[in-house]
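Side chains are part of it too, since the values below use all heavy atoms of this structure and drop only hydrogens, waters and symmetry mates. On a predicted model such as this, the values are computed, not experimentally measured, just so you know.
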Amino acid sequence: MVALDTIEVNLHDSQALIQIVNANITIAAWQRAGGKTGGGIGPRLVHLSEVMPRSQILLFSDTYERLMDRIVPNITEFLTNKLGLIEGEDYVKYKKPPDNWDKPNVPLDKYDKVISFATGMALCLVSLRVEGSANAFNAQAAIGDEVKYCDETKINTEVLPALRGAIEKFGHLPEYMSVWMFTDKFGPKIKWVLKKKKLMNQRAIDAIIHLQLIAFRLEKEMLTLKERNNPKAYYETKIEHDRVVSKANEIRKIVLYYSDMKPYENKKTVGERYFRTQRRNCKSQFEYNVSILNHDPDKAEFCYYPSLTSRRKYQVQDRADYNPTLPFFVAADYNFKIFPLPVAQHDYLPNSMNKTFNMVDSIFTLYPDGMEDGIALLCEKYKDHQKKVVHYIYDHTAIARNPLKTTYFSEFIRMFEVRGWHVIPHYIGSAPDHDIKFEIIKRILETEGDNAVMFNEIEAAQLLVSMENTPAKLSKGKTEKDKSSETNPDWPPEDSTHFGDAFDMLVYGVYELDLLNYNSSNDTGIMIQ
């Protein structure tokens, strides 16, 4: 394949940065027409062919149909129009290459799902829908496209085990066993992709960019010194250049880079008319925002909590919203997948004249951890809390028998009390129907001034994710909560509606029972059973 530095390639910022960072794991969450092939996959293939000649590279997606009908044609268009390669002379698809061509370091027996290059590199297609489709390959890197359709578990069990072989040749490189994945964000399985952003170490990425910029400067100096025929200075500069690159590569080997393209970053490429056309063609503003502008789909299009706007959120320094002298208000949802525990206090936020109901935390544990682990987590986090009192809001589900033949209600109280906390229970009976609760919660969240509900964007982030991803649906003319995420295997339990359910119980109980005016001297609470 042709060397990348001999081709004129115009890259926007995100396209350039993924090549500069060159992280072992790269996830490019780019909008439609963001240049995934021309500025991402294509240059990556060229680069891999240069640094790992005669390697096997996996190209994966959810199905062979998507690979062969959409992804491969885009790649071959890049090879032909950008690189000037000719099919039959420089590469062949889905058949054995000529005998006189170089072959991969690890030989292949079948070529029906392989694109072979005269340089010896093989691009091997893998469908995650076909179990074991990657087993025949011994690949040194992988590229995934349209991964919003892919199951992360399948990637981990099908693609990653096929990355092996030729370690003696390439094991020192950050490209070895690398996985680069590309997708837009509009789709039902996108949650696992979005979560990868939290795994990025920005300081490590900044260090790579800094080192690479130094390397670029040293390369220019080397070129000047070579033209001036100054070999001593040239080799001294080269040694420094190689040292800088080696240092950057050590970081690249272990880092994940999440590339989140900005809206309109591709405007120079696609033109302004593209955006006007897409605004007309998209079925909704939500689809346009996610697919075309690359917004995160962090809120359901028709949200069950329409009053949960930016006015309800706040950020503070050094937990200035949390008061160690005041009790907590909590409620829970009892589910084996997740134990969510929203935590609130009734107090003044910094620089506010209103006493508001503030969601100061969102504690949760995931299976196999459960209720006791979640309560232990809260008690440990707030072990220095001066007033170890919690107002516990619960409904009829808490007094049903659990698998241990006790009640969630009694276990909840016991687990706090053994850790030195006092629990004041408040029973709300059976929760109202979803349509009635929808109107009640909507009214509560619309409250301004005193007793308004506020959310700490950092500490209560997971609660906000759950609520903003909760859709509303119409059933027999009534507005209900769409709880399908609770049974969707592609939906993380912490993002599902369980956390929102616990919040509903908490605010419904607090406001319906008027607990914000509760007399704290009455430690028996309100129990109606």
Side-chain angles (χ1 to χ4, degrees), residues 1-9 18-26 37-60 71-72 75-76 78-80 82-111 113-126 134 136-145 159-160 162-181 212 215 219 222 238 241-242 245-246 248-250 252-253:
M1 297 177 73
V2 181
L4 184 59
D5 59 6
T6 67
I7 309 165
E8 182 179 345
V9 180
I18 63 170
Q19 315 298 338
I20 290 172
V21 174
N22 189 21
N24 185 264
I25 305 296
T26 294
T37 303
I41 297 173
R44 182 62 176 175
L45 287 174
V46 173
H47 178 71
L48 292 175
S49 74
E50 293 174 342
V51 300
M52 294 196 299
R54 300 175 58 201
S55 58
Q56 291 184 26
I57 309 299
L58 299 184
L59 179 67
F60 69 90
I71 297 172
V72 169
I75 292 174
T76 55
F78 174 85
L79 297 176
T80 301
K82 185 61 69 174
L83 301 188
L85 301 189
I86 301 173
E87 185 172 359
E89 295 183 15
D90 299 299
Y91 69 92
V92 294
K93 291 190 305 182
Y94 315 143
K95 64 182 180 180
K96 185 178 180 180
D99 291 338
N100 63 327
W101 283 16
D102 285 339
K103 302 300 188 299
N105 289 299
V106 182
L108 287 165
D109 294 324
K110 296 178 65 177
Y111 293 89
K113 299 293 191 303
V114 176
I115 303 173
S116 300
F117 295 88
T119 57
M121 190 176 79
L123 188 61
C124 311
L125 276 56
V126 171
F137 304 119
N138 291 271
Q140 286 70 62
I143 299 172
D145 197 10
V159 175
L160 299 189
L163 300 182
R164 56 186 182 245
I167 188 171
E168 68 284 353
K169 292 180 177 291
F170 308 132
H172 63 290
L173 298 172
E175 292 83 3
Y176 182 68
M177 295 185 68
S178 63
V179 181
W180 281 32
M181 294 182 277
Q212 190 58 53
E219 287 172 8
M222 288 162 58
K238 186 178 186 305
H241 169 270
D242 293 348
V245 171
S246 177
N249 283 346
E250 289 305 309
R252 288 175 167 127
K253 288 179 183 178

_Please enumerate all residues that pass side-chain contact (heavy atoms from CB on, under 4.5 Å) together with Leu59, with sequence neighbours excluded._
Leu67, Ile71, Val72, Ile75, Leu123, Leu125, Ile143
*At their closest point, which heavy atom of Ala134 faces which heavy atom of Ala162, and how far apart are they?*
O-CB, 3.5 Å
*Check Gly40 against Ile18 and note the closest heavy-atom contact, atom names and distance.*
CA-CD1, 4.0 Å
_Run the side-chain contact (heavy atoms from CB on, under 4.5 Å) test on Leu48 and Glu50 for me, step by step, so that the C-alpha distance in whole Å, both residues' side-chain angles and the decisive distance to 0.1 Å come before the verdict._
CA-CA 5 Å; Leu48 292 175; Glu50 293 174 342; over 6 Å; no
*Rounded to the nearest 0.5 Å, how far does SG of Cys124 lie from CG of Leu108?*
5.0 Å
*Is Gln140 close to Gln56 at the side-chain level, that is, under 4.5 Å between some pair of heavy atoms?*
yes
_From CA spacing to verdict: side-chain contact (heavy atoms from CB on, under 4.5 Å), Phe60, Met181_ = CA-CA 9 Å; Phe60 69 90; Met181 294 182 277; 3.9 Å; yes
Solution key, residues 87-97 side-chain donor-acceptor pairs under 3.5 Å, sequence neighbours excluded:
unit_1, atom_1, unit_2, atom_2, d
Asp90, OD2, Ile86, N, 2.7

*Got a sec, which residues hit side-chain contact (heavy atoms from CB on, under 4.5 Å) with Val245, two or more places apart in sequence or on another chain?*
Ala215, His241, Asn249
_Tell me the closest heavy-atom pair linking Pro43 and Thr37, and the distance in Å._
CD-O, 3.6 Å
*Contact summary for Phe78 and Gly38, nearest pair of heavy atoms*: CE1-O, 3.6 Å
*Side-chain contact, heavy-atom cut-off 4.5 Å: Phe137 with Val106?*
no
*Does Lys103 have any salt bridge (Lys or Arg N to Asp or Glu O under 4.0 Å) partners at least two apart in sequence or in another chain, and if so, which?*
none
*asked:* List the residues meeting side chain to side chain donor-acceptor pair (under 3.5 Å) with Asn105, not counting sequence neighbours, and say none if there are none.
replied: none
*asked:* Walk me through whether Ser49 and Phe117 qualify under side-chain contact (heavy atoms from CB on, under 4.5 Å).
replied: CA-CA 9 Å; Ser49 74; Phe117 295 88; over 6 Å; no
*Report yes or no: do Gln212 and Arg252 form a side-chain donor-acceptor pair below 3.5 Å?*
yes
*List for me each residue that meets salt bridge (Lys or Arg N to Asp or Glu O under 4.0 Å) alongside Lys113, sequence neighbours excluded, and say none if there are none.*
none
*Taking atom CG of Asp99 as the centre, does the number of heavy atoms from other residues, nucleotides or ligands within less than 6.0 Å exceed 12?*
no
_Could you tell me if the side chain of Asp102 sits less than 4.5 Å from the side chain of Thr119, heavy atoms only?_
no
*Could you pull out all residues at least two apart from Thr26 that satisfy side chain to side chain donor-acceptor pair (under 3.5 Å)?*
Trp180
*Could you tell me whether Lys169 atom NZ has more than 12 heavy atoms of other residues or ligands within 6.0 Å of it?*
no
*Locate the shortest heavy-atom distance separating Asn22 from Pro174; write the atom from each residue and the value.*
ND2-CG, 4.2 Å
*Partners of Asp242 by salt bridge (Lys or Arg N to Asp or Glu O under 4.0 Å), sequence neighbours excluded?*
Lys238
*Excluding sequence neighbours, so at least two apart, what forms side-chain contact (heavy atoms from CB on, under 4.5 Å) with Asn24?*
Ser178
*Of all residues at least two apart in sequence or in a different chain, which pass the side-chain contact (heavy atoms from CB on, under 4.5 Å) check with Leu173?*
Val51, Met52, Phe170, Glu175
